Amino acid sequence: MDRPIDSRLAIVGLGKMGSILLQAFLEQGLFDPKRIRASVRHSHRLEQRREKFDVEVSTDNRHTVADAEIVLLCIKPQVVNEVCREISQTLRPDALVIS
């Protein structure tokens, strides 16, 4: 790819699936790492994920999705409703949400 996608990306759930997708996006140069935010559920994973991917990582899903044009929900099915309620007020009206 010649240029990265010029959108802000949020990955809610930087576990197995989210990490695999983020790694592929970064390896292919699809997104500028400075335009990516991700969240983890457990704070003990924050630093490891930050160091591994060199992107902003938080435990705050609302902060993660704020201003993102593309939001990937990489979370377990049993928490989708809860997370969607949590982030609904923070999402941009034109955000593309993919689960």
Side-chain angles (χ1 to χ4, degrees):
M1 174 161 254
D2 296 332
R3 292 182 21 208
I5 296 170
D6 190 33
S7 294
R8 288 177 296 278
L9 172 67
I11 300 176
V12 177
L14 199 55
K16 289 179 184 176
M17 183 185 350
S19 292
I20 289 168
L21 289 170
L22 179 55
Q23 184 71 42
F25 294 160
L26 294 173
E27 286 175 0
Q28 295 297 315
L30 292 177
F31 290 91
D32 180 341
K34 292 175 180 62
R35 297 181 64 78
I36 299 172
R37 288 184 185 160
S39 67
V40 293
R41 187 172 193 171
H42 304 287
S43 59
H44 67 273
R45 294 191 176 131
L46 279 172
E47 203 54 43
Q48 186 270 340
R49 296 301 198 270
R50 284 180 187 145
E51 289 176 12
K52 180 176 182 176
F53 297 113
D54 195 27
V55 300
E56 184 180 337
V57 183
S58 167
T59 57
D60 184 343
N61 291 331
R62 287 183 205 105
H63 173 73
T64 299
V65 303
D67 298 322
E69 292 140 324
I70 303 170
V71 177
L72 298 180
L73 298 179
C74 299
I75 53 179
K76 292 182 169 49
Q78 59 266 31
V79 297
V80 168
N81 285 337
E82 173 189 337
V83 171
C84 285
R85 278 192 296 275
E86 176 187 3
I87 66 174
S88 65
Q89 297 300 310
T90 311
L91 282 172
R92 291 169 50 128
D94 62 341
L96 172 63
V97 180
I98 303 167
S99 178

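Just the heavy atoms: all of them, side chains too, but no hydrogens, waters or symmetry mates, feed the values below. In what follows, residues are counted from 1 in the order of the sequence shown. What you see is a predicted model; the values in this text were computed from it and never measured.
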Would you be so kind as to tabulate the donor-acceptor pairs closer than 3.5 Å made by side chains of residues 82-91, with sequence neighbours excluded?
residue, atom, partner, partner atom, Å
E86, OE1, N61, ND2, 3.1
S88, OG, R85, O, 3.1

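- A 4.5 Å side-chain heavy-atom check between T59 and R45 finds every atom pair outside the cut-off.
- With hydrophobic clusters built from ILVMFWY side chains whose heavy atoms lie under 4.5 angstrom apart, V97 shares a cluster with V80.
- Inter-residue side-chain proximity for K76 and R41 is flagged as unmet; no heavy-atom pair is nearer than 4.5 Å.
- Under a 3.5 Å cut-off, the side chain of S58 and the backbone N or O of S39 do not form any donor-acceptor pair.
- Clustering ILVMFWY residues whenever any of their side-chain heavy atoms sit less than 4.5 angstrom apart, transitively, puts F53 in the very cluster that holds L30.
- One hydrophobic cluster, built from ILVMFWY side chains closer than 4.5 Å, cannot hold both V71 and I5; they sit in different ones.
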I would like to know whether I70 and F31 meet side-chain contact (heavy atoms from CB on, under 4.5 Å); could you show each step before the answer? CA-CA 11 Å; I70 303 170; F31 290 91; 4.1 Å; yes
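- Residues I36 and L26 form a side-chain contact, since some pair of their non-hydrogen atoms from C-beta on lies under 4.5 Å apart.
- L14 and L73 end up in different hydrophobic clusters when Ile, Leu, Val, Met, Phe, Trp and Tyr side chains are linked at under 4.5 Å.
- The CG atom of L96 lies 10.5 Å from the CD atom of E69; values are rounded to the nearest 0.5 Å.
- In this structure, E51 CD and L46 CG are separated by 11.0 Å, a value rounded to the nearest 0.5 Å.
- R50 places a side-chain N or O within donor-acceptor distance of the main-chain N or O of V57, the cut-off being under 3.5 Å.
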Could you go step by step and tell me if L72 and V12 meet the side-chain contact (heavy atoms from CB on, under 4.5 Å) rule?
CA-CA 6 Å; L72 298 180; V12 177; over 6 Å; no
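- In plain terms, the two heavy atoms of G15 and R49 that are nearest each other are CA-NH2, 4.0 Å.
- Using a 4.5 Å cut-off between side-chain heavy atoms of Ile, Leu, Val, Met, Phe, Trp and Tyr, with links allowed through other members, I75 and V65 fall into the same hydrophobic cluster.
- With rounding to the nearest 0.5 Å, the separation of CD in Q23 from CD in Q28 is 10.5 Å.
- C74 and L21 get closest at one heavy-atom pair: SG-CD1, 3.9 Å.
- Interatomic distance, CZ of R35 versus CG of L9, reported as 10.0 Å (0.5 Å rounding).
- Annotation: D60, atom CG; neighbour count of heavy atoms from other residues, nucleotides and ligands within 6.0 Å is above 12.
- When atom types are taken as modelled, the side chain of R37 and the backbone of A66 share a donor-acceptor pair closer than 3.5 angstrom.
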